[in-house]
Amino acid sequence: MRISKSPWLLHYDGSSCNGCDIEVLAATTPRFDVERFGIINTGNPRHADIFLCTGGINSQNKDVVRQIYDQMPDPKVVLACGICACDGGIFKDCYNISGGTDTVIPVDVYVPGCAVRPEALIDGVVKALKILDDKADRMKRGEYKSLTSEEYAAKLSGEKKDDREEKGDA
Ligand code: SF4
């Protein structure tokens with residue numbers, strides 16, 4: 001796999017139990033050493049290429065997740081790490097949880113697990129790097145632009161409407 005630049009990674013903890021966050025730490029520190037792929041941690045969305053989310057989406061963090069995503073420059077990739085980020089996990093039926101990361105922004109790679117294993121996380125990051133490179137190539141050819149969170153919300157509500165029409169509920 002060709003990696004044309006050091007990808008910068010931003011980790012955001014949505015409403016996790018912190019189990020996955022500890023594994024993210026393990027993956028990004030010398031024991032599992034995700035830095036061997038040239039990955040650097042950043043706290044600044046404007047410098048980030050990879051958005052790594054743990055925990056589900058709730059009414060408090062949904063706008064924060066959208067904002068971070070929108071502030072990241074193109075091309076960018078989103079990883080949902082842990083089953084809570086994939087689909088809400090054990091918190092799915094809580095009164096204020098809307099589900100996983102893809103309820104507010106598009107997700108490129110899903111890494112399930114409870115907690116997510118560092119090896120699975122590193123595997124997910126490697127997949128994300130390939131997707132990032134593909135997006136960069138398509139952008140250069142003028143064939144790709146990522147959706148904004150607003151465009152994504154409109155796409156989701158269109159899909160829901162289509163589903164209702166198919167079922168005859170609309
Ligand atoms: S997937 Fe498991 S370990 Fe990770 S945040 Fe959810 S409950 Fe915690």
Side-chain angles (χ1 to χ4, degrees), residues 1 6-72 75-132 135 146-150 152-153 155-157 159-160 163:
M1 179 178 59
S6 291
W8 288 38
L9 179 149
L10 188 147
H11 168 212
Y12 178 78
D13 164 13
S15 48
S16 82
C17 72
N18 286 142
C20 284
D21 305 301
I22 289 163
E23 301 301 339
V24 171
L25 266 182
T28 51
T29 46
R31 184 163 156 74
F32 290 95
D33 195 18
V34 81
E35 278 190 19
R36 76 187 115 132
F37 300 110
I39 289 161
I40 300 165
N41 254 312
T42 178
N44 187 339
R46 295 186 197 282
H47 296 165
D49 309 288
I50 302 174
F51 188 12
L52 189 159
C53 297
T54 52
I57 298 296
N58 64 29
S59 46
Q60 298 287 318
N61 69 24
K62 63 180 196 296
D63 290 335
V64 179
V65 172
R66 284 186 184 127
Q67 227 171 50
I68 293 173
Y69 171 80
D70 285 334
Q71 285 175 348
M72 289 172 62
K76 54 191 164 191
V77 284
V78 179
L79 261 93
C81 287
I83 198 64
C84 291
C86 290
D87 79 348
I90 59 166
F91 302 111
K92 194 173 188 165
D93 294 326
C94 289
Y95 70 98
N96 64 341
I97 295 281
S98 59
T101 310
D102 64 5
T103 55
V104 287
I105 57 171
V107 169
D108 297 281
V109 182
Y110 294 84
V111 187
C114 180
V116 65
R117 301 280 308 160
E119 296 90 339
L121 205 150
I122 290 171
D123 191 51
V125 168
V126 172
K127 279 184 190 144
L129 292 181
K130 168 91 181 60
I131 295 170
L132 189 64
K135 285 185 180 180
S146 68
L147 294 177
T148 63
S149 63
E150 205 176 328
Y152 181 69
K155 184 174 169 240
L156 278 188
S157 68
E159 280 169 9
K160 279 186 193 146
D163 276 357

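This chain uses plain numbering: 1 for the first residue, then up along the sequence. Numbering of ligands and ligand atoms starts at 1, following listing order. Computation of the quantities below employed the complete heavy-atom set of this structure, encompassing side-chain atoms and omitting hydrogens, waters and symmetry-equivalent molecules.
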Problem set entry | Interfacing atoms of ligand 1 (cut-off 4.0 Å, heavy-atom, Ile83) | 1 (S)
Exercise. What atoms of ligand 1 come closer than 4.0 angstrom to any heavy atom of Ser16?
Worked result: 5 (S)
Problem set entry | Heavy-atom neighbours of Arg31 CZ exceed 12 at 6.0 Å | no
Problem set entry | Check: Tyr110/Asp102 side-chain N/O donor and acceptor closer than 3.5 Å | yes
For this session: Identify whether NZ of Lys or CZ of Arg in Lys76 sits under 6.0 Å from the centre of the six-membered ring of Tyr69 and within 45° of that ring's axis.
Result: yes
Using every non-hydrogen atom in the two residues, find where [X] and [Y] come nearest and quote the distance to one decimal.
X: Ile105; Y: Arg66; answer: CG2-CA, 4.1 Å
X: Gly56; Y: Ser15; answer: O-OG, 3.0 Å
X: Thr42; Y: Ala48; answer: CG2-CB, 3.9 Å

At what distance is the nearest protein heavy atom to [atom], and which residue and atom is it?
atom: atom 8 (Fe) of ligand 1; result: Cys17 SG, 2.3 Å
atom: atom 2 (Fe) of ligand 1; result: Cys114 SG, 2.3 Å
atom: atom 4 (Fe) of ligand 1; result: Cys20 SG, 2.3 Å
atom: atom 6 (Fe) of ligand 1; result: Cys84 SG, 2.3 Å

Exercise. Any idea which of Gly113, Gly19, Ala115 brings a heavy atom closest to atom 1 (S) of ligand 1?
Worked result: Gly113
Problem set entry | Sub-4.0 Å heavy-atom approach of Ile90 to ligand 1 | yes
